[in-house]
Number of protein chains: 2
Amino acid sequence: MKKNPKPSSKRNENRACAEHHHDPKPSIERAARILKDAGLKSTKPRSALLEAMTRFHAPFSTEELFRAVKASDLDLVTVYRSLATFSDLGIVSRVDLGDGVVRYELRSPDGSHHHHFVCQECQKVEPLDSCEIKAQENRLRELGYSQLSHRLEFFGICPDCREHSRADARTR
Amino acid sequence: MKKNPKPSSKRNENRACAEHHHDPKPSIERAARILKDAGLKSTKPRSALLEAMTRFHAPFSTEELFRAVKASDLDLVTVYRSLATFSDLGIVSRVDLGDGVVRYELRSPDGSHHHHFVCQECQKVEPLDSCEIKAQENRLRELGYSQLSHRLEFFGICPDCREHSRADARTR
DNA sequence: AGAATATTGCAAACTGTTTGCAATGACATC
DNA sequence: GATGTCATTGCAAACAGTTTGCAATATTCT
Ligand SMILES: [Mn+2]
Ligand SMILES: [Mn+2]
Ligand SMILES: [Zn+2]
Ligand SMILES: [Zn+2]
């Protein structure tokens, strides 16, 4: 869908998916409209946070977002509250990677969602390009379950880290 | 909050899966052997905890297990430490339902795993009887990802709660 | 029984997150 | 552009779940 900024070196081979990037403008504009439509105010902290969020290429914690925007000194509590608001409005979605930290990511305007692979060696988080559990959700729906949603993440060792550890083993 | 007992006719209809139950004896024996094989000691707190765990039919938090065994007064810290140990040894597995609480469940001796449905109305947690994402894991493996594992949960409204809310709507 | 070592309890620290409240800021109306 | 209203913010403090340090205790081995 999107071409990679880097020439196709070895670096970006074997990726689960290349997509974790947002064009800043449409994302920010969408968020601004959602806020306005909800009757919420457009404030300096909120704008700064929205802008900062577009610079992340992976899910970020509240603390990380706070640091990313630290220049425009606002309080950490404001970041917590803003993210809660953004989440309620569907501007961001929660990502739970199973360490005790809540993360978020800007939701893509098209409403699609994706899951992640987390490397347990280098901690890198990669998006996966498709969600394949509609089938299971449909089966649950037929059993009477409703308003279904799900959370799914994969863990393991990424190709890079695997390669490195093999190289290490060879030299040792 | 408390769940009312219902006529057994409807009770087990429309279930995602009926299985969240362990026979106490084999589970405890298995755990005991694993502990011994690992060179760890068989202590009164550990035994009490193992025994208490078999009485849960859904994933339990540290605090819940603590309360369940409170008679044999042991410290909450001991419960934390024991569960960490049990988890390392594969006696229990971590279940993360996305509220900030770590839960565990006794692992079935056959090594199989399952995922859960969490009702956002009554908080009930039901096991699902099959894991259907081997396919996606295999695809990742072919891309060079290794030592794969995953976490998956479903959320929504269970058939019971859905039925209740419909009844409510009718009477209103 | 005695030595070696793993485990426990207790208190205190820690991390991520939430809450209360008074001061400030946004925005609609005049 | 001033004014009133209400949402939003900052600051301090509370909070929940979990982890750590350490001395006392319990288990296992010989
Ligand atoms: Mn993502
Ligand atoms: Mn289960
Ligand atoms: Zn890696
Ligand atoms: Zn329910």
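Residue numbers begin at 1 in each chain, while the letters A, B, ... track the order of the sequences.
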Just by distance, do the side chain of A:E163 and the backbone of A:D160 share a donor-acceptor pair under 3.5 Å? no
For atom CG of A:L49 and atom C1' of D:dT8, their distance in whole Å: 13 Å
Here the gap from A:Y80 atom OH to A:L65 atom CG, rounded to the nearest 0.5 Å, amounts to 11.0 Å
Check for a donor-acceptor pair, side chain of A:R55 on one end and backbone N or O of A:A68 on the other, with a separation under 3.5 Å. yes
How is A:S42 classified with respect to the nucleic acid when contacts are heavy atoms under 4.0 Å: base, sugar-phosphate, or nothing? sugar-phosphate
In whole Å, I'd like the distance from the CZ atom of B:R46 to the C1' atom of D:dT28. 13 Å
Output the rounded distance in Å from CG (B:L40) to P (D:dA26). 19 Å
Drop me the distance from B:I34's CD1 to B:L40's CG, to the nearest 0.5 angstrom. 11.0 Å
Among B:E126, B:H150, B:R151, B:E132, exactly one meets side chain to side chain donor-acceptor pair (under 3.5 Å) together with B:H115. Which residue is that? B:H150
In this structure, is the centre-to-centre distance between the rings of A:Y104 and A:F86 below 6.0 Å? no
For a quick check of understanding: with a heavy-atom distance under 4.0 Å over all strands, which category does B:D73 fall into, base, sugar-phosphate or nothing? sugar-phosphate
Using the side-chain contact (heavy atoms from CB on, under 4.5 Å) definition, which of the options B:V95, B:L106, B:L83, B:V101 pairs with B:F60? B:L83
Using a strict heavy-atom distance below 4.0 Å, which residues from residues 27-36 of chain A are in contact with DNA chain D? none
Could you list where the contact with chain A starts and ends along DNA chain C, reading 5' to 3', using a 4.0 Å heavy-atom cut-off? C:dG16 to C:dC27
To the nearest 0.5 Å, atom OG1 of A:T62 lies from atom CZ of A:R103 at 10.0 Å
Ignoring hydrogens and geometry beyond distance, is a side-chain donor-acceptor pair present between B:E105 and B:H116 at under 3.5 Å? yes
Rounded at 0.5 Å granularity, tell me how far CZ in B:R81 sits from CG in B:L49. 12.5 Å
Could you check how far NZ of A:K41 sits from P of D:dG4, rounded to whole Å? 15 Å
By nearest nucleotide on DNA chain D, pick out whichever of A:L74 and B:G100 is the more 5' one. A:L74
Rounded to the nearest 0.5 Å, what's the gap from CD1 on B:I157 to OG on B:S165? Could you check? 7.5 Å
Of residues 76-94 of chain A, the positions that come close to DNA chain D - non-hydrogen atoms, cut-off under 4.0 Å: A:V77, A:T78, A:R81
